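Note that ligands are numbered from 1 as they come in the structure, with each ligand's atoms numbered from 1 the same way. Only this structure's heavy atoms are used, side chains among them; waters, hydrogens and symmetry mates stay out. What you are looking at is a predicted structure, and each value in this text was computed from that prediction instead of being measured.
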Amino acid sequence: SDVLRRSVLFRYLQISSFTNSSWMRTDALILLGELQTHSWSNASDTVSCVKPWAQGTFSSQQWVHLQNIFRVFRSSFTRDIQEFAKMLSLEYPMELQLSGGCEVHPGNISEHFLHVAYQGEHILSFQGTAWEPAPQAPHWVDLVIKVLNQDKGTRETVQWLLNDICPQFVNGLLETGKSDLEKQVKPKAWLSSGPSPGPGHLLLVCHVSGFYPKPMWVMWVRGDQEQQGTQRGDILPNGDETWYLRATLDVAAGEAAGLACRVKHSSLGGQDFVLYWGEKGLG
Ligand code: J81
């Protein structure tokens with residue numbers, strides 16, 4: 001199937017805010033490709049599944065075991081940070097971010113990563129069997145690394161989670177979540193005019209919204225001729241697991257007639273959308 005043929009990125013993203021020595025919170029989420037599978041709010045003792053298939057093919061026993069590891073990890077992490085802050089006289093407020101997971105490629109090949117950022121800057125990563133400072137990290141990070149690397153038990157657990165558990169879990173999710181992961185949602189498209197780029201010029205705007213998955217092709221065309229002046233915006237989230245994209249074209253007012261916006265997407269099965277400027281009273 002399509003999902004098994006492509007590479008999939010699985011990410012655990014954590015944000016910990018330490019306001020002062022007694023106020024802090026940690027929230028996290030897990031993403032599989034474009035979809036959120038889990039959330040972990042500060043108020044909750046356990047990681048919650050946000051998809052019915054988010055336990056993958058793990059047994060309840062395995063799941064409970066992982067939940068326990070994560071519960072211990074979160075409270076230990078909080079304590080670690082407070083101790084490092086005291087030891088290094090770091091100032092509050094502090095923001096810590098964790099990004100960890102694996103990318104599973106076809107043919108059972110996988111890569112993994114675990115990075116930590118402090119005040120928005122990457123400071124350290126787990127590499128192979130130990131923690132390492134990031135290339136541009138401040139000097140005090142060396143001391144943190146020295147302390148972290150003394151904990152052999154944690155290093156072994158991290159290796160086990162990244163090397164063994166992560167790819168196993170992802171392969172299970174690709175099975176249990178197959179229909180959601182392979183869903184195709186057709187875009188809606190419409191045209192509007194944007195702020196005038198200058199005297200005698202029009203900004204034609206083609207809006208494409210509500211599509212899934214993310215890869216999308218959109219161009220202004222005249223007949224078969226793709227208009228090289230087409231400016232593609234960023235793909236933005238609608239917030240309902242679909243995406244939004246706009247493409248604009250700056251044209252002389254007299255040349256707008258005959259232009260069209262062409263949209264190609266996997267959900268359209270080769271039946272491109274073509275919207276003509278000047279229809280329905282525009283232009
Ligand atoms: C402000 C300065 C910046 C500081 C940057 C800190 C970077 C944090 C990176 N470290 C971690 O994320 C691990 C934090 C917790 C860890 O240090 C241990 O305290 C914790 C508990 O370990 C103890 O019990 C274990 C068994 O439960 C072992 O016996 C271990 O030897 C013992 O010390 N370790 C864990 O919770 C292990 C799980 C880590 C999973 C990480 C997944 C993201």
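Among all protein heavy atoms, the one lying closest to atom 30 (C) of ligand 1 is Asp151 OD1, 3.2 Å. Residue, atom and distance of the protein heavy atom nearest to atom 21 (C) of ligand 1 are Ser76 OG, 3.6 Å. Among all protein heavy atoms, the one lying closest to atom 8 (C) of ligand 1 is Phe77 CE1, 3.8 Å. Closest protein heavy atom to atom 25 (C) of ligand 1: Thr154 OG1, 4.7 Å. In this structure, the protein non-hydrogen atom closest to atom 27 (O) of ligand 1 is Val72 CG1, 3.9 Å. Ile81 CD1, 3.7 Å is the protein heavy atom nearest to atom 6 (C) of ligand 1. With hydrogens left out, the protein atom closest to atom 1 (C) of ligand 1 is Leu90 CD1, 3.6 Å, a heavy atom. The protein heavy-atom contact nearest to atom 11 (C) of ligand 1 is Phe73 CE1, 3.9 Å.
By the criterion of a heavy-atom distance under 4.0 Å, neither the backbone nor the side chain of Val141 is placed next to ligand 1. When non-hydrogen atoms are compared, ligand 1 lies under 4.0 Å from neither the backbone nor the side chain of Lys152.
The distance between the ring centers of Phe18 and Phe84 does not fall below 6.0 angstrom.
Atoms CD and CG, from Glu255 and Leu249 in turn, are 10.0 Å apart once rounded to the nearest 0.5 Å. To the nearest 0.5 Å, atom CZ of residue Arg232 and atom CH2 of residue Trp217 are 10.0 Å apart.
No side-chain N or O of Thr46 forms a donor-acceptor pair with one of Gln67 less than 3.5 Å apart. Between the side chains of Gln184 and His265, no donor N or O sits under 3.5 Å from an acceptor N or O.
Distance check on atom 19 (O) of ligand 1: some protein heavy atom falls below the 4.0 Å cut-off. Inside a 4.0 Å radius of atom 34 (N) of ligand 1 there is at least one protein heavy atom. Counting only heavy atoms, the protein gets under 4.0 Å from atom 15 (C) of ligand 1.
Looking at Gln127, its side chain never comes within 3.5 Å of a backbone N or O of Pro133 through a donor-acceptor pair. The closest donor-acceptor contact from the side chain of Asp272 to the backbone of Lys264 lies at 3.5 Å or more, if one exists at all. Thr37 contributes no side-chain N or O that, together with a main-chain N or O of Ala54, makes up a donor-acceptor pair within less than 3.5 Å.
Summarising the contacts of atom 38 (C) of ligand 1 with Asn68, Leu162, Leu98, Thr157, the nearest heavy atom is found in Thr157.
In this structure, Trp131 has a heavy atom closer than 4.0 Å to ligand 1. Between Arg79 and ligand 1 there is a heavy-atom distance shorter than 4.0 Å. At least one heavy atom of Trp140 lies less than 4.0 angstrom from ligand 1.
Shown in contact with Gly153 at under 4.0 Å from a heavy atom are these atoms of ligand 1, numbered in order with element: 31 (O).
For Leu35 against Trp53, the heavy-atom pair with the smallest separation is CD1-CZ2, 4.4 Å.
Using a 4.5 Å heavy-atom cutoff, the side chains of Leu96 and Tyr118 are in contact.
Classified by interplanar angle (parallel below 30°, tilted 30° to 60°, perpendicular above 60°), the ring pair Phe77/Phe73 is tilted.
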